Amino acid sequence: FHPERWIEGERPPEYNHVTDAYLPFGYGPRICIGRKLAYAEATLAVSEICPGAPVERKSMSTWFFKITDRADDLLEALDDGRLEGWPAHVKEMQRNWIGRSEGLMMSFPLSGDDLPQETLPIYTTRPDTLYGASFLGVAPDHPLAKHFADQDPACAAFIAACQAQGTSEADIEKAEKKGFRLPITGRHPFTDEELPVYIANFILMQYGTGAIFACPAHDQRDLDFARKYGLNVIPVVCPPDADPSSFDVGDEAYVGPGTMMMSGFLDGLPAEDALPAAIKKIEEMGWGEGTTNYRLRDWGLSRQRYWGCPIPVIHCDTCGVVPVPQDQLPVSLPPIDASEFKTPGNPLDRESTKAWREVACPQCGDLARRETDTMDTFVDSSWYFARFASQPEDEPIEKAEADGWMPVQQYIGGIEHAILHLLYARYFTRNLKDCGYTDATEPFTNLFTQGMVTHATYKDSHDGWVFPEDARHIDTGRLWDETETPIESDLVYRLTREARDAGEKFFSAYDAQVSATGKALYRESTPDEKAYDELVPDEFPILANPIEKMSKSKKNVVAPEAIADAYGADAARFFMLSDSPPERDVEWTDAGVEGAWRFANRVYETVTKGEGLLKAGGAIGPDLSDDLMALRRSTHKTIAGVTGDIEHFRFNKAIARLYEFLGACKNLSSDGDAAPVAAEALGALTQLTAPFMPHLAEECWELLGGEGLCTDAEWPEADGSLLTEDVITLPVQVNGKRRGEIKVAADAAEDAVKKAALAQDDVARFMEGKTIRKVIVVPGRIVNVVAS
RNA sequence: GCGGGUGUGGCGGAAUUGGUAGACGCGCCGGAUUCAAAAUCCGGUUCUGGAGACAGAGUGUCGGUUCGAGCCCGACCACCCGUACCA
């Protein structure tokens with residue numbers, strides 16, 4: 001990102017969420033688009049103008065990427081090994097999002113007066129149940145519905161009612177199935193029966209054709225609808241364990257496998273065979289064909305706002321949509337006054353930007369207009385990695401250069417990007433490949449989804465959020481109401497007096513139900529003690545709420561500056577890495593940071609004991625005492641362990657090892673023979689700590705007299721011969737329960753180990769009066785004696 | 001409803017992938033130091049019984065496989081995330 005290209009000015013408040021989420025201020029208009037790539041984008045965009053685009057739009061078109069054209073490949077790559085380095089759950093989410101289904105697209109011939117169309121195309125995944133059809137349905141915003149709404153006020157009213165309740169989530173949950181009967185019918189392909197046609201509120205225009213045939217016996221929604229309007233319910237699939245002559249559905253549609261019945265030529269077939277048979281028949285009759293349908297929809301990339309990358313096309317009355325010529329790219333946004341943001345709508349459509357908008361058509365030279373829509377920010381994030389791989393930013397991507405880096409070996413991001421960003425990036429990379437910019441099809445070989453930082457939240461009794469640092473914990477307290485039942489909350493906290501004095505929000509009285517009595521708000525000590533405490537008048541109870549993702553509105557963020565001042569940036573980083581595995585959320589706690597801070601101090605103190613040792617040098621002697629050998633083993637085990645843990649993203653485990661190793665270094669001596677051993681240990685401690693506490697490590701490095709920067713020093717390597725012990729401790733089990741342990745040479749023969757195990761006192765004690773059936777020796781691991 | 005995931009001490013989490021369950025940290029308890037406190041250091045800390053050595057139980061529940069199961073298999077329960085009148 002090039003700061004010199006940012007636009008100076010005030011951040012428009014209504015675009016807060018955009019700038020917060022993705023971009024440094026003003027990044028949009030000058031996004032670093034290579035000229036050639038921008039041209040490719042324009043071409044892709046121009047080639048597809050959505051036929052069903054809403055017409056109310058001010059600008060002349062709505063721009064889509066035809067991501068559905070690549071749905072199959074995007075789906076297949078999830079399973080064919082190209083994304084082996086991705087977490088299974090992310091792949092599963094993408095699979096669901098693409099939502100491929102095999103089915104039948106067919107048309108029912110319509111009869112009735114004043115028909116706007118002769119047939120009604122529908123989509124179904126259950127053509128096997130066609131004989132169970134009892135009505136046809138269309139979405140409220142289906143063209144057919146609109147046609148009749150124009151003539152019939154009742155119909156129009158029904159549609160309006162559907163649209164009014166449509167979006168509210170709470171409504172959808174309990175929404176009743178509702179329908180409106182149209183004065184037309186559709187002819188059944190197999191039975192020639194005339195089926196009634198309804199507008200139904202549960203049909204979505206966006207999916208399939210926005211129309212269905214309904215088989216109430218085998219679809220719950222259809223059944224609910226049929227029961228309400230007294231329509232036929234004809235079971236055509238009989239469950240394996242049911243009697244076909246008497247099988248009927250009650251209020252629950254049967255969706256399982258079974259045998260076809262009441263289904264003419266399909267009778268007796270298993271449902272899974274009936275499905276292709278029905279499709280084949282419909283195809284032979286010429287009424288429709290088997291198709292694949294996707295839940296995935298095309299990617300609408302145009303946004304009616306100023307902050308975004310301009311879509312580089314020009315609209316000409318004569319030539320139509322014309323791409324901006326390459327030598328005029330990138331298209332820059334016109335500078336505008338900050339006051340333009342105070343009115344809703346896109347400033348690019350206003351009088352003030354007319355001079356920018358009106359340009360000569362690149363083809364005929366007549367007066368034409370620039371596209372005023374800008375791109376979805378997801379467009380930018382879909383290919384930035386390729387841009388980084390080939391610089392400079394105002395030159396086209398150089399394929400050879402890009403392929404030197406692409407695909408990204410390790411991508412790290414939050415789970416919130418599991419679908420949109422990661423799918424768009426995969427799609428875009430395929431486009432880049434087709435345009436000849438890279439050979440990669442998949443952008444990210446390995447994906448790691450890290451967790452978020454969460455923090456406790458607190459609320460006062462008026463539901464106001466309270467800063468965690470203002471909550472003083474009373475760990476023995478619990479809130480009770482007058483009848484002595486615990487109030488739904490955990491422990492009691494009180495707003496500190498300091499916070500209140502500083503003007504922090506607080507409430508004047510606790511819940512009326514409690515404070516009416518003027519006492520008994522909490523009690524200290526154990527629940528079986530009946531002594532209640534009065535509230536201290538100037539302290540106020542607040543309640544702990546769920547631990548949540550840090551958010552300014554919930555007041556549970558921590559200020560990085562404050563943490564850095566109090567504990568240092570190293571401690572904050574160290575704590576976050578140490579507490580949880582990185583794919584999980586970390587709960588931020590002050591106590592945790594303090595622990596990290598203590599560790600930092602202890603490391604520094606320990607290293608002080610070895611001041612100058614690295615500079616002094618000196619070889620490690622051949623005959624070391626047991627203690628020194630033990631320290632060396634510990635050093636090298638830690639090197640091996642931490643290195644492996646870092647490679648596998650197990651930072652919390654790496655840090656646990658560092659704590660352990662610090663304990664081992666605690667009493668080291670740095671005299672005589674011990675000096676080189678101490679130097680080795682402290683040098684390793686410093687280097688292994690460096691990735692987590694870089695500043696501390698550099699201090700320690702200097703103290704030890706290391707050369708240059710710790711960061712630049714070669715990573716320590718573990719000596720394999722020091723990773724194993726000569727004498728090992730083996731646990732001994734009797735019948736699977738641990739009863740004792742023995743010390744044996746690491747390379748002891750099995751017989752010797754058996755002998756030692758059976759001779760062990762505790763083991764012998766548990767075998768008294770028993771016969772040994774078997775002795776299992778797992779070398780280096782365990783001995784199990786089976787006796788009865 | 002569907003899809004995915006997770007269940008281990010008071011808490012965050014370890015467990016070499018079938019081999020000593022609870023590493024390490026937080027918290028808590030005890031001790032040292034201090035006139036006192038904070039800080040620091042040392043020790044303890046799964047539960048039950050026992051002064052103790054020790055014994056018994058124990059990884060959401062029930063069952064199975066195995067010399068041996070937190071880990072594998074079957075059934076269930078709970079919670080979390082995603083998603084939805086997707087025909």
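This structure is a prediction, so every number in the text was calculated from the model and none was measured. Throughout, protein chains are lettered first and strands after them, A, B, ... in sequence-line order, and every chain is numbered starting at 1.
- Under the side chain to side chain contact (heavy atoms under 4.5 Å, CB included) test applied with Ile159(A), the options Asp141(A), Ile199(A), Asn201(A) reduce to a single match, Ile199(A).
- Dashed line: the shortest gap from a side-chain N or O of Lys666(A) to OP1 or OP2 of C42(B) is under 4.0 Å.
- Ion pairing of Arg95(A) with Glu92(A) is present here, as a side-chain N (NZ or NE/NH1/NH2) and a carboxylate O approach within less than 4.0 Å.
- Taking for each of Asn96(A) and Met93(A) the nucleotide of RNA chain B with the nearest heavy atom, the 5'-most of the two is the partner of Asn96(A).
- Here A87(B) presents its P atom at 15 Å from CG of Leu130(A), a figure rounded to the nearest Å.
- The CH2-C1' distance, from Trp597(A) to U40(B), rounds to 10 Å in whole Å.
- Side-chain atoms of Arg739(A) lie closest to G56(B) of the nucleotides G56(B), G13(B), C86(B).
- A 3.5 Å limit on both hydrogen-bonding distances identifies no Watson-Crick or G-U partner for A87(B).
- Rounded to an integer number of Å, the gap from CD of Gln220(A) to C1' of C85(B) is 11 Å.
- Residues Tyr294(A) and Ser101(A) bring no donor and acceptor atom of their side chains to less than 3.5 Å of each other.
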What N/O pairs connect the protein and nucleotides 20-25 of chain B at under 3.5 Å? Give each pair on its own line.
| unit_1 | atom_1 | unit_2 | atom_2 | d |
| --- | --- | --- | --- | --- |
| U20(B) | O2 | Arg738(A) | NE | 2.8 |
| U20(B) | O2 | Arg738(A) | NH2 | 3.3 |
| A23(B) | O2' | Glu660(A) | OE2 | 3.0 |

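- Contact check for Phe661(A) versus Val642(A): no side-chain heavy atoms found under the 4.5 Å cut-off.
- The partner of A23(B), taking Watson-Crick or G-U wobble pairs whose two distances both stay under 3.5 Å, does not exist in any strand shown.
- For Arg773(A) and G68(B), the CZ to P distance is 14 Å, given to the nearest whole Å.
- Look at the C1' atom in both U8(B) and U46(B): the space between them is 10 Å, to the nearest Å.
- Base contact: Val778(A) has a heavy atom under 4.0 Å from a base atom.
- If you check every strand for non-hydrogen atoms under 4.0 Å, Ile203(A) touches a base.
- Nucleotides A87(B) and U20(B) have their P atoms positioned 49 Å apart, rounded to a whole Å.
- Closest to the side chain of Phe766(A), from the set A87(B), G56(B), A84(B), is G56(B).
- When both pairing distances are held under 3.5 Å, A32(B) makes a Watson-Crick or G-U pair with U40(B).
- A sub-4.0 Å separation between OP1 or OP2 of G3(B) and a side-chain N or O of Arg95(A) is absent.
- Between Asp762(A) and Arg765(A) there is a salt bridge, since a side-chain N of the basic residue sits under 4.0 Å from a carboxylate O of the acidic one.
- Here G13(B) is the nucleotide among C85(B), C67(B), G13(B) with the atom lying nearest to any side-chain atom of Pro581(A).
- With a cut-off of 3.5 Å on both Watson-Crick or G-U wobble distances, the partner of A75(B) is given as U61(B).
- Salt bridge annotation for Lys91(A)-Asp79(A): absent, with no cationic side-chain nitrogen under 4.0 angstrom from a carboxylate oxygen.
- For the C1' atoms, the distance linking A51(B) with G64(B) amounts to 43 Å, nearest Å.
- The line from OG of Ser134(A) to CG of Asp222(A) is 7.5 Å long, rounded to the nearest 0.5 Å.
- Considering only side-chain atoms of Asn201(A), the nucleotide from A87(B), C85(B), G13(B) that sits closest is C85(B).
- Mapping Ser580(A) and Glu92(A) onto RNA chain B by nearest heavy atom places Glu92(A) closer to the 5' end of the strand.
- The side chain of Ala591(A) approaches G27(B) more closely than any other nucleotide in the set G27(B), G82(B), A87(B).
- Only the P atoms considered, G19(B) is 30 Å distant from C77(B), to the nearest whole Å.
- For A57(B), one of the phosphate oxygens OP1 or OP2 lies less than 4.0 angstrom from a side-chain nitrogen or oxygen of Lys737(A).
- A distance of about 23 Å separates the P atoms of G13(B) and U17(B), rounded to the whole Å.
- Nucleotide U6(B) carries an anti base; the chi torsion (O4'-C1'-N9-C4 or O4'-C1'-N1-C2) is more than 90° from 0.
- As rounded to whole Å, 12 Å separates atom P of C54(B) from atom CG of Asp761(A).
- Using N1 to N3 plus N6-O4 or O6-N4 for Watson-Crick, or N1-O2 and O6-N3 for G-U wobble, each under 3.5 Å, G82(B) pairs with C2(B).
- Taking atom P on both C54(B) and A21(B), the two are 16 Å apart, rounded to the nearest angstrom.
- Using a 4.0 Å heavy-atom cutoff across all strands shown, Arg100(A) reaches no nucleic acid atom at all.
- Arg584(A) has no side-chain polar atom (N or O) that falls below the 4.0 Å cut-off from OP1 or OP2 of C81(B).
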Test side chain to side chain contact (heavy atoms under 4.5 Å, CB included) on Met767(A) and Val785(A); report intermediate values, then the result.
CA-CA 9 Å; Met767(A) 291 192 311; Val785(A) 181; 3.4 Å; yes
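- Both distances falling under 3.5 Å, in either a Watson-Crick or a G-U wobble arrangement, occur for no nucleotide opposite U66(B).
- Classified by its glycosidic torsion, G9(B) falls in the syn category, the angle being within 90° of 0.
- Regarding Tyr207(A), its OH atom lies at a distance of 9 Å from the P atom of C86(B), rounded to whole Å.
- For A15(B) and G58(B), the C1' atoms lie 16 Å apart once the distance is rounded to whole Å.
- Looking at Asn601(A) and Glu605(A), their side chains never bring a donor and an acceptor atom within 3.5 Å of each other.
- Atom CH2 in Trp86(A) sits about 16 Å away from atom C1' in G4(B), given to the nearest Å.
- Of the nucleotides present, U48(B) is the one that pairs with A55(B) by Watson-Crick or G-U wobble criteria, both distances under 3.5 Å.
- Annotation: cation-pi pair Arg739(A)/Phe766(A) present, NZ/CZ under 6.0 Å from the ring centroid and within 45° of its normal.
- Distance CD1 (Ile122(A)) to P (C86(B)): 15 Å, rounded to an integer number of Å.
- Nucleotides C72(B) and U16(B) are separated by 12 Å at their P atoms, to the nearest Å.
- The residues Glu647(A) and Arg650(A) are annotated as not salt-bridged, no charged nitrogen and carboxylate oxygen being separated by less than 4.0 angstrom.
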